[in-house]
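So you know, we letter chains A, B, ... as the sequences are listed, proteins then strands, and number each from 1.
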Amino acid sequence: MSSDERFEVVIVGAGPAGAAAALALAREGVEVLVLERGDFPGAKNLFGGILYTSVVNELIPEFWETAPVERHIVNRRWMALDEDTQVGLDLKSAKFDVPPYNNTFTALRAKWDRWFAEQAEEAGAMIICETNVEEMILDKGKVVGVRTGRDDGDVYADVVILAEGANALLAERAGFRPQMAPKNRVNAVKEVIALPPEIIEDRFHLEGRQGMALEYFGGAVKGTVGSGFIYTNHDSLSVGVGCLIEEFLRLEMAPYEMLDWFKAHPMVAPLLRGGETVEYATKMIPEDSYDSLSDLYEDGLLLIGDCAGLVNPSIHHEGTNLAMASGVAAAEAVLAAREANDYSKARLATYRERLEESWVMKDLKRYRDTVHFLLDNPEMVSDYPDLTIRLIRRYFTIDDTPKDDVLRELWKTIRDEVSFFKMARQMWRARKTML
Amino acid sequence: MSIDVREYLKPHKALSLEERLGLVKRRFADESHITVDQDAFRADPTKAVLFMCPAQVFKLNGEDGSCIVNYEDCLECGTCQVARRYTTWNNPQGGYGVTYHYG
């Protein structure tokens, strides 16, 4: 690249956010360059394994016919564990077994991201891999381009879209987002464990391309703000844990030790039998509260996806679809700015307005206090799940105790262990912050 | 090809961290993309980066109390610099570092 290279739009990162923006812009004939530091789009990308696809299906209707998705999820389970017992909620529906499959698929990012970026390329976007963006080029406070690690590697643009992911180095160092911190970043580790499709289908009661998602809380992750998961791919399982970095620091515990603990749990280990670990991977997940998000738009700059902090931190754990939605919203804002030939901060504010009007920011607002609430009320992820498990286990434990006495015993346990007003207040707050 | 179900009733074989790191394709750069402020590391009572890194990149040098950085093992999550600001993490040079096969 010579030093006078110029594009209308430069996008940093070819993950779901960057590729969605590139696809939407290229379709409108905008000259887009996407810079990706990996060998190919997706090479360095990771998630737990569930891809929510409402945005994809709008961009590429019936994408499942051609895209490398693994299985569509017909069965979801949310479970609390203590050291030897599991209590859970099970949702399985034939309604999720027909298009659009409840917009919920398992996927593996090295395959999915690569395919999705190819759709942007086919629409006319240019993607250059193995290229690291070292800094943004600013002129009088306005972002005018990026400096890459290549020789003569400056590239100029009317607008730069940052889609650099959870480890938001460029955005943070330029002061365009608040500092990443142990209370707003999860560390997740995951193994891909190979199993034949027939074994997976038999073990998880699935047929054909049906899939299952199992999420574990409480003792599964030592009572921390976090969770464990098993997701069925076509011929492998995605198995992992993710907890706030703050929690690992508190326990002085390594993330891989938490994963080993989870995998060895008596309720989990039988599901992994005979499986061979074929990959180990890790990533950070942003759990910035809505209240701590930066503007997400500057002079000549937009922030999308994980680097903007757009992850729903609740039990819904949605990230990639918010990333893609933000990519599309950014593309629409850029098209409007292009029409006016004005890429100032004031003009690009329409990006934020589009997000605020959509489910993206409505959901982030809904769950703005979830993480703080859990950190401030650790009973929610430790004592209460444990107590619930014990009560339910006792209720169904068969011995010669009359049921009247069992119920009296249960009420006594609750009275002895729980401060009624404290719990009532916490449940009220939980309803408001977590549901 | 028929499947012998009994093969898949045996316990999952848990791998050591070293074995797991060996599964990940990496292209090593000549220079480390991670630096540590050694004075601040020595002053950290819990030496948090030693346990916090999912790839255990950081090791204690028993002789002088400094932090050894095995950057070749890095899986590029960036958690170290969030856990402790005395680590500085930069993206490895383009085309270097981790390439996930599954992701």
Side-chain angles (χ1 to χ4, degrees), chain A residues 37-40 42-47 108-113 129-134 148-150 166-167 169 180-182 185 187 189 191-193 195-196 198-199 202-203 236 245 248-249 252-257 260 263-264 269 272-284, chain B residues 1-27 29 33 44-56 74-85 88-103:
Chain A
R37 68 188 185 89
D39 284 356
F40 54 85
K44 292 178 184 290
N45 299 0
L46 185 74
F47 70 168
L108 293 162
R109 297 286 297 279
K111 299 173 191 173
W112 166 266
D113 288 19
C129 294
E130 298 186 33
T131 305
N132 187 31
V133 171
E134 294 176 345
T148 74
R150 291 180 178 268
N167 190 15
L169 297 176
M180 299 179 276
R185 283 291 182 284
N187 176 273
V189 287
E191 289 181 25
V192 176
I193 297 181
L195 279 173
E198 296 88 340
I199 297 291
D202 190 53
R203 190 170 295 174
S236 65
I245 291 174
F248 288 119
L249 294 174
E252 297 190 19
M253 188 176 188
Y256 81 90
E257 292 171 336
D260 289 347
K263 282 172 58 191
L272 312 180
R273 281 183 302 182
E276 183 195 356
T277 298
V278 292
E279 190 164 86
Y280 172 70
T282 176
K283 109 168 220 90
M284 280 198 293
Chain B
M1 194 183 72
S2 71
I3 289 173
D4 182 354
V5 172
R6 285 166 299 187
E7 283 301 305
Y8 298 97
L9 298 178
K10 296 172 185 167
H12 162 70
K13 183 177 171 291
L15 301 181
S16 69
L17 182 67
E18 288 67 31
E19 288 170 320
R20 279 179 274 193
L21 293 174
L23 297 170
V24 185
K25 184 182 157 196
R26 280 160 294 170
R27 186 172 163 211
H33 58 289
D44 176 2
T46 65
K47 311 245 178 286
V49 292
L50 297 182
F51 63 82
M52 193 63 238
C53 170
Q56 305 283 286
C74 178
L75 297 176
E76 299 174 35
C77 63
T79 300
C80 52
Q81 101 229 291
V82 175
R84 288 291 185 264
R85 286 280 160 179
T88 303
W89 196 95
N90 287 297
N91 286 324
Q93 191 185 333
Y96 285 81
V98 171
T99 297
Y100 286 131
H101 181 67
Y102 297 91

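Looking at Arg150(A) and Thr131(A), their side chains do bring a donor and an acceptor atom within 3.5 Å of each other. Donor-acceptor pairing under 3.5 Å is lacking for the side chains of Thr46(B) and Glu252(A). Between Asn167(A) and Gln81(B), the side chains place a donor N or O and an acceptor N or O closer than 3.5 Å (distance only, hydrogens not considered).
For chain B, the nearby part of Asp260(A) is the side chain; its heavy atoms alone come within less than 4.5 Å. With a threshold of 4.5 angstrom between heavy atoms, Pro11(B) approaches chain A through N, CA, C or O but not through any side-chain atom. Contact of Leu169(A) with chain B is made through the side chain alone, with heavy-atom distances under 4.5 Å. Both the backbone and the side chain of Lys44(A) come within contact range of chain B, with heavy atoms under 4.5 Å apart. Using a 4.5 Å cut-off between heavy atoms, Glu191(A) touches chain B through its side chain atoms alone. At a 4.5 Å heavy-atom cutoff, the contact between Val82(B) and chain A is made by backbone and side-chain atoms alike. With a threshold of 4.5 angstrom between heavy atoms, Leu17(B) approaches chain A through side-chain atoms but not through N, CA, C or O. Neither the backbone nor the side chain of Ala269(A) comes within less than 4.5 Å of any heavy atom in chain B.
Between chain B and the residues Ile199(A), Val189(A), Asp202(A), Asp113(A), the largest count of heavy-atom pairs under 4.5 Å involves Ile199(A). Chain A forms the most heavy-atom pairs under 4.5 Å with one residue out of Leu9(B), Leu75(B), Val5(B), and that residue is Leu9(B). Per-residue counts of heavy-atom pairs under 4.5 Å with chain A were compared for Gly95(B), Gly97(B), Ala48(B), Cys53(B); the largest is that of Gly95(B). Among the candidates Lys13(B), Arg6(B), Glu7(B), Glu76(B), the residue making the largest number of heavy-atom pairs closer than 4.5 Å to chain A is Glu76(B). Comparing Gln93(B), Gln56(B), Arg84(B) by how many heavy-atom pairs each has under 4.5 Å with chain A, the most go to Gln56(B). Counting heavy-atom pairs closer than 4.5 Å to chain A, the top-ranked of the candidates Ala55(B), Ala83(B), Ala14(B) is Ala83(B). The choice from Glu276(A), Glu257(A), Met284(A) that makes the most heavy-atom pairs within less than 4.5 Å of chain B is Met284(A). Ranked by heavy-atom pairs under 4.5 Å with chain B, the first of Glu130(A), Lys263(A), Arg185(A), Met253(A) is Glu130(A).
One N or O on the side chain of Glu279(A) and one on the backbone of His101(B) form a donor-acceptor pair closer than 3.5 Å. The backbone N or O of Leu15(B) lies less than 3.5 Å from a partner atom in the side chain of Arg20(B), making a donor-acceptor pair.
In this structure, CG in Asn90(B) is found 8.5 Å from CD in Glu134(A), a value given to the nearest 0.5 Å. Leu272(A) contributes atom CG, which lies 7.5 Å from atom CZ of Arg203(A) (distance to the nearest 0.5 angstrom). The distance from atom OH of Tyr102(B) to atom CG of Leu46(A), rounded to the nearest 0.5 Å, is 14.0 Å. Rounded to the nearest 0.5 Å, atoms CZ (Arg27(B)) and OG1 (Thr99(B)) are 9.0 Å apart.
When every heavy atom of Pro54(B) is checked against every heavy atom of Pro255(A), the shortest pair comes out as CG-CG, 4.2 Å.
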